[in-house]
Amino acid sequence: MNQNRIILLLTLFVAGLSSCKKDKDDTAAPKVTNGLYILSEGLYGNNNSMLTYYNTSTGTATTDFYAKANGGSGIGDTGNDILLYGSKMYIVVNVSSVLTIADARTGERIKNIPLKDANGKGRQPRYVTSYKNKILVSTWDGFVSVIDTTSLAIEKDIAVGSNPEQMVVVGDKLYVANSGGNGAVQDSTVSVVSLSFMTEVKKITVSINPNSLTADDSGNLYVVCQKNFSGTAKNRLVKINTYTNTVVKVADTAVGRIKYYNGALYATGGYYGSAYIRKLSTTDFSQESANFVTDGTFMTEPYGINVDPENGDVYVTDAKDYLTSGEVFCFDNTGKKKFSINVSPALNPNTVVFIK
Amino acid sequence: MSPVALLAQHKDSVKTLEKVTVGSQRKKPTFTAITPAQSLNRQTLQQINAPSVGDAARFFSGVLVKDYGGAGGLKTVSVRSLGAQQTGVTYDGIAASDAQSGQIDLSKYSVTFVQSIDLQQANAQSLLQPARGYAAAAVLSINTLSFSTEALQHTRWQAGLKAGSFGLWQPAAGMNLVLPKQMAIGVNAEALVSKGNYPYYIDNGSSSLHTKRENGEMRSFQGEVNLLKQFKDSATWQVKLSGYNSSRGLPGVVVFYNERSVQHLWNSDYYVQSRYRKFFNKNTTGLLVSAKASRSYTKYTDPDYLNNAGGLDNRYTQYEYYLSAALSQQIKERLTLSAASDAAYSKLNSNMSDFAYPARKSFWNSLAVNYTRPLWQINGSGLLTTINDQVKTGAEANTISKLTPAVAFSGKLSANSPFMLRLFYKHVFRMPTFNDLYYRVIGNVSLQPEYARQYNVGLVYCTSFKGAIKHFSISADGYYNSIKDKIVAIPNKNLFVWTMLNLGKVNIKGIDVTAEADGALSKQVAWSSRIAYTFQHALDVTDPSTVTYKNRIPYTPDHSGSALLSFNYRHWTTGYSLLFSGTRYVLGENNPYNQLDGWGIHDVFVSRQINIKQYGLQIKGELNNVTDEKYDVVRYFPMPGRSWKISLLINNL
């Protein structure tokens, strides 16, 4: 073997490197008619949050819909929540610290609103909801940002508790779960914000680390509180009467996310609880069923839950092992699987919203 | 071009030769070792773009360096895909360790005063070594001149300055003074300042961005004092005092739409280590006593962390005390036995709440045997490791006691045959680290050790010619490694709360090829070259029902390698080096979205040696990443593009 052959061999190795590149799917975004969007948060540090469009008529899923609609530009890192409101979609991107506003049908970006403080520090937005012509975004630095749906500008930051998470609007009040999840001692309150005055009017003490909320049709609020790292606090479910803004029921039960629909509470088990979707009574939180799924459909890791208000179909997102592509299951209201959606290559689907 | 690896001698296998550097005109003893060994000597280290040992290690075959980019970026090595925690690192013969993370950051080790860096698979050739030396799957050893008996021969000094792109300034000076009574003292110090603000490109479709790395500044200062004493009976005693201080920004992962980074890390490490070595009974008995005490302090801050305390400020102090005694005995002319016993105590303190304050007692006891015939030799060892943890709060891991064997063989058909065959088998395990076991909710005290079995078959060919090519050596080793109970972090039911689990089985098949050649094109033009190529196929074989089954494990390219070619003409030296890596996957699910492109970078240098009276001056200019390749070793941690560096070095001759 001589030097030339060594160089030749080396050249072959280097040439071999570039020959096995697989391409991403770069087809155009489909036309959105009916169906749903699924937001997948991806994995921290990978900038791989994705939006899947699922057409219920044809049963086809288009993953990475947002990038297809925006010249390959991604949502960013950890898309945590999505809201369809009016003609727009609002995506809260936690680690990227932006609120992405896009056309609800085409997915084309209208604006990225950076949620950063005066020094450029990311405020880490978490969840989004709406009230009249305002969009409300909870941010981990302890505020709810108010964004006008027309000017698309931040009009106000309402101070709430630390590391606020989910929010629910009941009447002209906004209820915000203050988790304090990043602190050495977690928060244990729900902020009551007057939407007429855009200011916090009260803090209701619940239990440590409140994060998920849902409201029923008769003025009650259900708050999931999770235990702390050291284990001194318990997993609790707390019921608040929003007419009196007082706690009316507390029970020790471990829930991840919760959703009220038609007289019952649908609960995932979260970090400490059941591997199944449970159906709980709204009065005493007793289990109406230990496993809402009645046809034996297996889900690895129920992560997010939503109910289609029109027909009562229950959508559960399955995060699998959190490191591989997720799946979304649709069940009818008797717990039988209607269909499932593979959101590959998206990881960790967390939110399903319905296109109406 | 290669230094002599530690070579067992047929007639006197007890006596371990000190490392000596040989010129490129002699035979390549790296290619005669019983188990695969590779070496980068001082001359080679000066011809590659390798400011730290972590950069130099990229030139070894079978090695993957995880590199987060820039002067301040963490660099860890994984040999044959067994993981950084299975790779031992020794500095002047004594193990460097980190009980907290189990991996050594090789960006902390500058190569300025390094004499050679060696990578040894399985067991070292010498039987006279600490028992801990048998614990790792492979050992990367860093050797300085000041800790070898060569330092007794003459007084020498050197001073140098390097300047380069992105605000790099790196002054260094060292001196070795020969004292009366067979003693020598060596002192050296080095500082490094770098802005690390290199430009990078982030591909995000229509939102792609050309910008500069922020918060990449790095300042470090390190120094050493080495004492060496040789007694009349030729016993040697060495003492090293070492300190390292650094302050660095952590640029962090590039997040789309939010490139800001303010995290900062401070390190302050001090240690003292000592070795005493003596041969008795006409050199048939060897004794080696080693000791080390170290303190490592780390402070990490993240002012942007959104808690009520206004940010994170985590501090850790790690202590380790280590003692080792090794004895070797030549029983017959061809048979040597050795026994070694090591103990270490390490503990970790922190300012964090709910901290476990773990402490660990480790004991290693080894027995080894070597039988040498003129044409073949066989080497076997057994290591008993006992590890016992204590914590102040919470539960502690069970005590682990485990016997792990290794056996190696090498042989030739005839004394003049250019071919040599070598085989080895080694079983190793790694204890879960303090982070794996006790890190708040993430740690899992019920973790079991991670086991790895290694099988290797290799063929070595060495020959000499007359003409333009004088020497040519090539070694090819095929290997199969299987890992069980691999310790992996998985996000458990919440992406912000990860858990450590014994979850993995990995099978690794690979081939490491290393070739070296040198020669002379004319009386005045000499050349040398070195090629390392690695084929690896590391597959997750944990669970056939998952999508990751038989997919490649993250960050493991099938193909990777390096090449180096240099020419010497009178006082001029010029060289070219190449590093390349094939495509990798960043996650266990091998789809195009998780795929990271391969890369190849080309570096060139030219240097001129000027000798004036008894002083030597070397001026060197280098251009690194000539083609300005944009690449990531770890996804979204962009690496520097094209850069330059100029170095000046003055020494006595």
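A, B, ... follow the sequence lines: proteins, then strands. Residue 1 opens every chain. For the numbers below, each heavy atom of this structure counts, side chains included, while hydrogens, waters and symmetry mates do not.
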Chain B interface, residue from [options] that has the most non-hydrogen pairs under 4.5 Å:
options	result
Gly72(A), Ser73(A), Ala346(A), Gly142(A)	Ser73(A)
Gly256(A), Ala319(A), Ser162(A)	Ser162(A)
Thr300(A), Val98(A), Asn46(A)	Asn46(A)

*Pro557(B) versus chain A, heavy atoms under 4.5 Å apart: side chain, backbone, both or neither?*
neither

If I measure from the heavy atoms of chain B, does [X] come under 4.5 Å with its side chain, its backbone, both, or neither?
X	result
Ser344(A)	side chain
Pro114(A)	neither
Leu347(A)	side chain
Asn163(A)	side chain
Asp187(A)	neither
Asn47(A)	both

*How about Tyr322(A) and Tyr303(A): are their ring centres within less than 6.0 Å of each other?*
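Yes, the ring centres sit under 6.0 Å apart.
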
*Which one, Ser207(B), Ala468(B), Ser206(B), leads in non-hydrogen pairs under 4.5 Å with chain A?*
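Sorted descending by pairs with chain A, the first entry is Ser206(B).
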
*Between Val253(B), Val255(B), Val262(B), which shows the greatest number of heavy-atom pairs under 4.5 Å with chain A?*
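Of the options given, most contacts go to Val255(B).
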
Can you confirm whether the side chains of [X] and [Y] place a donor and an acceptor under 3.5 Å from each other?
X	Y	result
Arg278(A)	Thr253(A)	yes
Asn94(A)	Tyr44(A)	no
Thr189(A)	Asn178(A)	yes
Asp77(A)	Ser96(A)	no
Thr78(A)	Glu41(A)	no
Asp540(B)	Thr548(B)	yes

_Closest heavy-atom pair and its distance - Lys116(A), Arg123(A)_ = C-CD, 3.6 Å

